[in-house]
Participant: 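Dumping the structure here so I can ask a few things about it.
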Amino acid sequence: MSLALRQTWALARRAIAGTFQVPQSWFPALFFPLLLMAIFTASFDRGIAFIPGFPKVHGYLDFGISGTVLQGVLIGGVTSGAFFAGDIERGFFDRLVTSPVSRIVLLTNRLAAGVLLAACQATLFVLIGVAFGVRIEGGVPGFLTLVGLAALLAIPIGGLGILLALRTGSTEAVQGAFPLFFAFMFFSSAFFPRETMSGWFRTVADVNPISHLVEGMRAQVIEGFRPGAAAISLAVIAGFAVCTVGGSALALRRRLGAV
Amino acid sequence: MAGGTLARTAAVSGMLAWRAIILVRRMPSVFIPSLVMPLFILVATSGAFHGVGALPIGTGSYLAFTIPFATVMGAGFAGVNAGTTLARDIEGGFLDRLVSSPAPRLSLVAGPFTAAGMRSLFTTTVVLIAGTIGGVTPPGLIGTVIVYVMAAGFGVATSLWSMGVALRARTVQAAPLMQLVVFIAIFTSVAYAPRELQHGWLRTVADWNPVTRILEASRATELGGAGWGEVWPGLGAIALLLAVLGVWALTGLRRLGRD
Amino acid sequence: MNEAIVAHGLVREFKGGIRAVDGVDLEVRTGEVYGFLGPNGAGKSTTVRMLATLLRPTGGTARVAGFDVAHEAHAVRRAIGVALQDAAIDPFMTGRELLRLQGVLHGLSRADCRATAERLLERVGLTEAADRRVGTYSGGMRRRLDLALALVHEPVVLFLDEPTTGLDPTSRLALWEEVRRLNAEAGTTVFLTTQYLEEADQLAGRVGIIDGGRIVAEGTPQRLKAEVGDPALVITPADPERRDAAQEVLQRFGPEVEARPPGTAAARLPGGAARVAEAVRALDEAGIPTASLDLHQPTLDDVFVEKTGRRLEGHGGGESPAAGRGRRGRRR
Ligand SMILES: Nc1ncnc2c1ncn2[C@@H]1O[C@H](COP(=O)(O)OP(=O)(O)O)[C@@H](O)[C@H]1O
Ligand SMILES: [Mg+2]
């Protein structure tokens, strides 16, 4: 077991270093969420107080910061999946498979790297938010819960990236799935409250697990430290993780010819 | 002679525009996003920020408010695609075939330019139909023409921008740069809220951003206001973009074969 | 106009000081097939790109079909047909569409475009595949389409940059046949680059050998080979011990050949095949039985070795064009 941990850690360090070496793999994950956060804040800040159904907040940023964190983790997952697909294209993956590294490590190293990067990214985003006036009602426990949920979310998202990479083996295909991730986020309460939506869109947002995930994170910021809400988020993450990590384990077995 | 050159330029440009359009139709990875993205933007934006419609954004719904944004986005995609195709042609050597023939040089830019305009008309039609299905009253003949003119004008302007980049960078790797600039230009205008609601840095940027005038002109008619006071600045912004980006593309064209 | 291509001191220097073409002089007569032979990286493509107005020379001058490539580029483009090395063919378009597009580029009328497309498709044997996307074509089909594209406006001068590199032998022969026919029937001047000795030997009336951006030898294949010297008689004595003795006998007939396979004796035979019998008899009389005997005619490779000290193809100087495969120069 300790060997698997050491191998995971060594490979995870490589994955993290790889992320920082190529600007294409960290720039979008930092730039786009922050840009959208800035634009949404400047667009909606003055109006939200007059929108029926919008929760009482100090500013849009308090509301939106959780969506921004979520978006950052999503994009990070896509780029990490694309990096993994690149490993397959370049033959690094095959070299790894033919080495005595245990099979589980092939997955865990990516996931571990994703969790670490997501934790850093979420911390950075929240701190930037605080610098621009976000007040975290949940205080330090709320902050830690928010960052912790973001870090754990990296497991199912990373699993999805790995799943796509293993199934397609193509960087382009993984990157091509990117708009899909985006779509799921917009059809949820990631950027605006469900209470202000209407019609079928509202129904979609109601059943979209992302809504419940992000609301659990958001409660820590705009309400106060809420373990119950966090538990709902955790449940969504766990369910999602079972699907994608399980799926990628199956895809790995298929790729290695075990099935 | 001059008349002959003009006719030849027109003939070759027409042919190259035709090629650009059949290429799009035959590449599902380009065609489907170019159709789906504007629709997705329309549905996701208008659905997620439905509540903003309760604010003073004009006389119509937030869906009507989003239609110009979606048409301009679709046109921007078409324009960027002209640059990506040109970059691929340069990298792959297809452009050598064009350059070593006596065809007028201008048509290398004029062909994709025309195609971008035509594709903008197409995506605009799709968005307008979707809007009508969603319950927006079509803005009458002159209003509709203005919505088309604004979208197509932006589409051809972005095609000049991205072809100028392609002619300088000569690699498909420049595609994200073409895209990024167009996205930022649109997002930092009045994409999500009218200028009256914006504040801070975004308001300043939007005041200077030519895309703001284009969206406002399109919106004025979409929302039934049909004020010529908004339309003239829109036409002016397009003329300005075409002049500046035309120089940018044509000076790029002159560099061909230099090194 | 007697000279289809004239170049004086043509130079192309790339950024970083690489002189890809370093003072090339050319005179190609109208109606000639000129072979430009050289190894990968010799500067063949760069020369073609300059002559085809795709690249500005950084020094020297060149006229093609009577027009200056730098100052009368437009007139040059009207006169030439070009099939570049990396046949840039749009995989998403069909052969017929590409031919029509090419016709429009050359200012053909709509009806002419259609008729020319049919005629050329027929000619290069692609009528069946005309409406398939080019992405589905084989390498040979692409090259034939590329040739057809270069012919839509009946060019006076045709540039073919490594037209058979990477092709299988059958496709290669078909393409050679087409080039010969074009030259014979339409009188088209052909400037053809190749890495293959056999191709230059078979197709070209005159050959220029280029290495390191300079022309190192030029002439008809026959004259170039004759310049190297007489054919070499190479024998392997049945008894390896007797090699030196055999060499002594052979040297009575002509000068020793230094570059020979180990264990063999070799000498040049002025007078060629006529004197082989004499040499064999002399060996017999000296009591040296021979295991094998070979009269080696000079090849263009020997010309290349003579001028540059290196072999053109592989290590053993194999004539097989296949030896050059997998070394395709790609620009990217
Ligand atoms: N665009 C370029 N920039 C820099 N160097 C180049 C360029 N094109 C060719 N070269 C260099 O010039 C030399 C000759 O290339 P090329 O003409 O393609 O040779 P050939 O066609 O005979 O194989 C090579 O060393 C090549 O690397
Ligand atoms: Mg070459």
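Letters go in sequence order (proteins before strands), and every chain restarts at 1.
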Participant: Heavy-atom pairs under 4.5 Å with chain C - which of B/S101, B/A103, B/A11 has more of them than the others?
Facilitator: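 That would be B/S101.
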Participant: What I want to find out is whether C/D146 reaches B/R97 closely enough, with some N-O distance under 4.0 Å, to be called a salt bridge.
Facilitator: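 Looking at B/R97 together with C/D146, the answer is yes, because their closest N to O distance falls below 4.0 Å.
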Participant: Between B/P102 and C/H74, which heavy-atom pair has the shortest distance, and what is it?
Facilitator: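 Closest pair (atom of B/P102, atom of C/H74, distance): O-CE1, 2.8 Å.
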Participant: Can you give me the closest heavy-atom contact between B/D96 and C/R49, atom names plus distance?
Facilitator: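 Looks like OD2-NH1, 3.0 Å.
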Participant: Quick one: of C/H153, C/R133, C/Q102, who has the most non-hydrogen atom pairs under 4.5 Å with chain B?
Facilitator: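 Ranked by heavy-atom pairs under 4.5 Å with chain B, first place is C/R133.
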Participant: So what's closer than 4.5 Å to chain B heavy atoms on C/S109: side chain, backbone, both or neither?
Facilitator: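 Neither; nothing under 4.5 Å.
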Participant: Taking atom CG of C/L51 and atom OG of B/S100, what is their separation to the nearest 0.5 Å?
Facilitator: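 Going from the CG atom of C/L51 to the OG atom of B/S100 covers 12.5 Å.
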Participant: Tell me, for C/L108 versus chain B, whether the close heavy atoms (under 4.5 Å) come from the side chain, the backbone, both or neither.
Facilitator: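 For C/L108, neither part sits under 4.5 Å from chain B.
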Participant: Below 4.5 Å, heavy-atom pairs only: which of C/L105, C/V104, C/L101 has the largest tally toward chain B?
Facilitator: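 Ranked by contacts with chain B, first place is C/L105.
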Participant: Could you measure the distance from the CZ atom of B/R19 to the CD atom of C/E97? Nearest 0.5 Å is fine.
Facilitator: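 Separation between the atoms: 10.5 Å.
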Participant: Decide if atom CZ of C/R110 counts as having more than 12 heavy atoms of other residues, nucleotides or ligands within a radius under 6.0 Å.
Facilitator: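 No, because the 6.0 Å sphere around CZ of C/R110 holds 12 heavy atoms or fewer from other groups.
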Participant: Using side-chain heavy atoms (C-beta onward) and a distance below 4.5 Å, is B/R26 in contact with C/T94?
Facilitator: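 The answer is yes; the side chains approach within 4.5 Å.
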Participant: Atom CZ of B/F94 and atom CG of C/L84: how far apart are they, to the nearest 0.5 Å?
Facilitator: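 Rounded to the nearest 0.5 Å, the CZ-CG separation comes out at 12.0 Å.
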Participant: Using non-hydrogen atoms only, which part of B/L98 is less than 4.5 Å away from chain C: side chain, backbone, both, or neither?
Facilitator: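 When you check distances to chain C, atoms from both the backbone and side chain of B/L98 fall under 4.5 Å.
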Participant: In terms of heavy-atom pairs under 4.5 Å with chain B, which of C/A79, C/A83, C/G107, C/A52 leads?
Facilitator: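 Option with the greatest count: C/G107.
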Participant: Does atom CD of C/E118 have more than 12 heavy-atom neighbours, drawn from other residues, nucleotides or ligands, at distances under 6.0 Å?
Facilitator: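 Enclosed: over 12 neighbouring heavy atoms sit under 6.0 Å from CD of C/E118.
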Participant: Mind checking the CZ-CZ spacing from C/F92 to B/R25? Nearest 0.5 Å is all I need.
Facilitator: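 The CZ atom of C/F92 sits 13.0 Å away from the CZ atom of B/R25.
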Participant: Could you give the distance from CH2 (B/W18) to CE (C/M93), rounded to the nearest 0.5 Å?
Facilitator: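 Atom-to-atom, B/W18:CH2 and C/M93:CE are 4.5 Å apart.
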